[in-house]
Amino acid sequence: MDRAELTTEQVLKRDIPWETYMTTKLISGTGLQLLRRYDNRAESVRAQLLDDDGPAYVQVFVSILRDIFKEETVEYVLALIDEMLTANPKRARLFHDKSLANEDSYEPFLRYLFCREIGPRSLNMLQICLFLLEFVWLLWKGNWFIQEKSCKILSLIVSARPKYQVGVITNGASSKTKLTTIDDVLKGLVEWLCTQLKKPSHPSRGIPTAINCLAALLKEPVVRSSFVQADGVKLLIPLISPASTQQSIQLLYETCLCVWLLSYYEPAIEYLATSRALPRLVDVVRSSTKEKVVRVVVLTFRNMLSKGTFGAQMVDLGLPQIVQSLKAQAWSDEDLLEALNQLEDGLKDNIKKLSSFDKYKQEVLLGHLDWSPMHKDPLFWRDNITCFEESDFQILRVLLTIMDSSTDPRALAVACFDLSQFIQHHPAGRVIVNDLKAKERVMKLMNHESVEVTKNALLCIQRLFLGAKYASFLQV
């Protein structure tokens, strides 16, 4: 079987000759006893053993990975640890137990992840040569299973370290021994994960593994900094898209979780503001029915709302209507409901700021007409209708010029709609628009190939003929 396609379940079906390793002094007698109690036992039995004496088993596993390089055995022990942490991620704390103060719990996983040099302890020259040959063979072939498990385990161990543990990690009593630092570990992990996102080692598991590890690691401020410096944020953007299968939904969730964690870091926010992240997140929350996906995206929006121009962009992308739709659904998560309410209030504040005649005037004069909120906001038209009289109805004249010259169906549709709104809300709207010779221009657009244009041109003509008295029946 291709080793890249190995699963934990397949690896754990093997029989490992632990007694042989004790004979060659690669494991101790105590280590052998612990392995005999643990190996090939029911999950409930293993769980009890870890509860009773977890640090001792962790020490045995780490020492095997440090001193033994036979591929099948390395895979097996990594599978044991992966199974242990998958069942209960909090067990990663066992690697930081005080009884392991003289162990470098990170080093073996770093070695297998980055293919670094090895240094077996207490071996004669023949044993060293044999293990070196086996290890070189393992690295030459490349072993995705070993790299994947090492990365996942290392990410969990780092994330579970005590808050006070910074700087140097001790890895032995001797002060001459080279030490591994937290910064070394995190920097190396970020480098490897970014490489996987750019050029995955495994066609289907490389990217999901990288995202899964990042979702755990980006809680660390130093990882956020390293990730942004490595230009990693842009690697997440293509992964933000609506998903359907269970596997793709999990990948989408963890990608959005990464973006949420990055939304607490200002340099990452600056990059997200210039990328396609926000429109993609809006597409996801509009189409997703998975509560955990909706929750993490909404929480991300809440963080971004007050940053830069994100609030204005959210309004322009139609997020207020999406939030109203989401609030009408039955969600069980109270945090999500609270976040939706907060997001709705924040968006309302942004709409008030955006719905000003100055912004509208700028949009019209630049010819960049789109369905921004003010166009369909009755309050905007009621409060600002007299402003259209400025400079001899300059805005109306520009709208008519857009109708004559623009080739953008969206701009034409918005221009027709705005003209109908002016007719609707201005006491002399029909008379003014007729004096500006608008009827002929709008009539031409009723034969336009765009349904959006013809619909709004028809609405404008109806209001022009019927006047304000009957216009309320024609609102769409």
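- By the neighbour-count criterion of 12 heavy atoms within 6.0 Å, atom NZ of Lys187 is sparsely surrounded, having that number or fewer from other residues, nucleotides or ligands.
- Lys444 is linked by a side chain to side chain contact (heavy atoms under 4.5 Å, CB included) to nothing, counting only residues two or more places apart in sequence or in another chain.
- Not counting sequence neighbours, the partners of Lys437 by the side chain to side chain contact (heavy atoms under 4.5 Å, CB included) test are Glu440.
- Between Leu272 and Lys307 there is no side-chain heavy-atom pair separated by less than 4.5 Å.
- Here Thr245 pairs with Gln247, Ser248 under the side chain to side chain contact (heavy atoms under 4.5 Å, CB included) rule; sequence neighbours left out.
- Side-chain atoms of Leu459 and Cys416, non-hydrogen and from C-beta on, never get closer than 4.5 Å to each other.
- Not a single donor-acceptor pair under 3.5 Å links the side chain of Ser450 to the backbone N or O of Pro409.
- Within the 4.5 Å cutoff, the side chain of Leu445 has no heavy atoms near those of the Asn456 side chain.
- Within the structure, every pair that satisfies the ring-ring contact (aromatic ring centres under 6.0 Å, His included) test and touches residues 208-260, not counting sequence neighbours, is listed here: Trp260-Tyr264.
- Judged as a side-chain hydrogen bond (donor to acceptor under 3.5 Å, both in side chains), the pairs with a partner in residues 76-87 (not counting sequence neighbours) are, in order, Thr8-Asp82, Asp39-Tyr76, Arg46-Glu83, Asp82-Lys149.
- Looking at Gln10 and Glu5, their side chains never come closer than 4.5 Å, going by heavy atoms from C-beta outward.
- Minimum interatomic distance between Met443 and Ile461 (heavy atoms only, all atoms of both residues): SD-CD1, 3.7 Å.
- A salt bridge links Asp404 with Arg441: the distance from a Lys NZ or Arg NE/NH1/NH2 to an Asp or Glu carboxylate oxygen falls below 4.0 Å.
- Side-chain atoms of Met403 and Val442, non-hydrogen and from C-beta on, do get closer than 4.5 Å to each other.
- A heavy-atom distance below 4.5 Å is not found between the side chains of Lys290 and Gln250.
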Between side-chain atoms of residues 230-244 and protein atoms elsewhere (two or more places apart, or another chain), which donor-acceptor pairs fall under 3.5 Å?
unit_1: Asp231; atom_1: OD2; unit_2: Lys234; atom_2: NZ; d: 3.2

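- Using a cut-off of 4.0 Å between Lys/Arg side-chain N and Asp/Glu carboxylate O, Glu72 and Arg14 are scored as not salt-bridged.
- Sorted by first then second residue, the side-chain hydrogen bond (donor to acceptor under 3.5 Å, both in side chains) pairs that include residues 267-281, not counting sequence neighbours, number zero.
- The shortest side-chain heavy-atom distance between Val364 and Tyr360 falls under the 4.5 Å cut-off.
- Partner of Trp381 under the ring-ring contact (aromatic ring centres under 6.0 Å, His included) criterion, out of Phe422, Phe388, Phe357: Phe388 alone.
- Evaluation of the ring-ring contact (aromatic ring centres under 6.0 Å, His included) rule for Trp371 yields Phe417 as partners, not counting sequence neighbours.
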Output a table of donor-acceptor pairs, distance under 3.5 Å, between side-chain atoms of residues 338-345 and any protein atom two or more places apart or on a different chain; print 'none' if there are none.
unit_1: Glu338; atom_1: OE2; unit_2: Gln342; atom_2: NE2; d: 3.3
unit_1: Asn341; atom_1: OD1; unit_2: Lys327; atom_2: NZ; d: 2.9
unit_1: Asn341; atom_1: ND2; unit_2: Leu337; atom_2: O; d: 3.3
unit_1: Gln342; atom_1: OE1; unit_2: Arg302; atom_2: NH1; d: 2.6
unit_1: Glu344; atom_1: OE1; unit_2: Lys327; atom_2: NZ; d: 2.6

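- For Asp435, there are no salt bridge (charged side-chain N to carboxylate O under 4.0 Å, His left out) partners, not counting sequence neighbours.
- Residues forming a salt bridge (charged side-chain N to carboxylate O under 4.0 Å, His left out) with Glu363 (at least two apart in sequence, or on another chain): none.
- With sequence neighbours excluded, the residues forming a side chain to side chain contact (heavy atoms under 4.5 Å, CB included) with Ser325 are Gln329, listed by chain and number.
- Counting all heavy atoms, side chain and backbone alike, Asn350 lies closest to Ala312 at OD1-N, 3.9 Å.
- Tyr265 has its side chain out of reach of Pro221: every pair of non-hydrogen atoms, C-beta onward, lies at least 4.5 Å apart.
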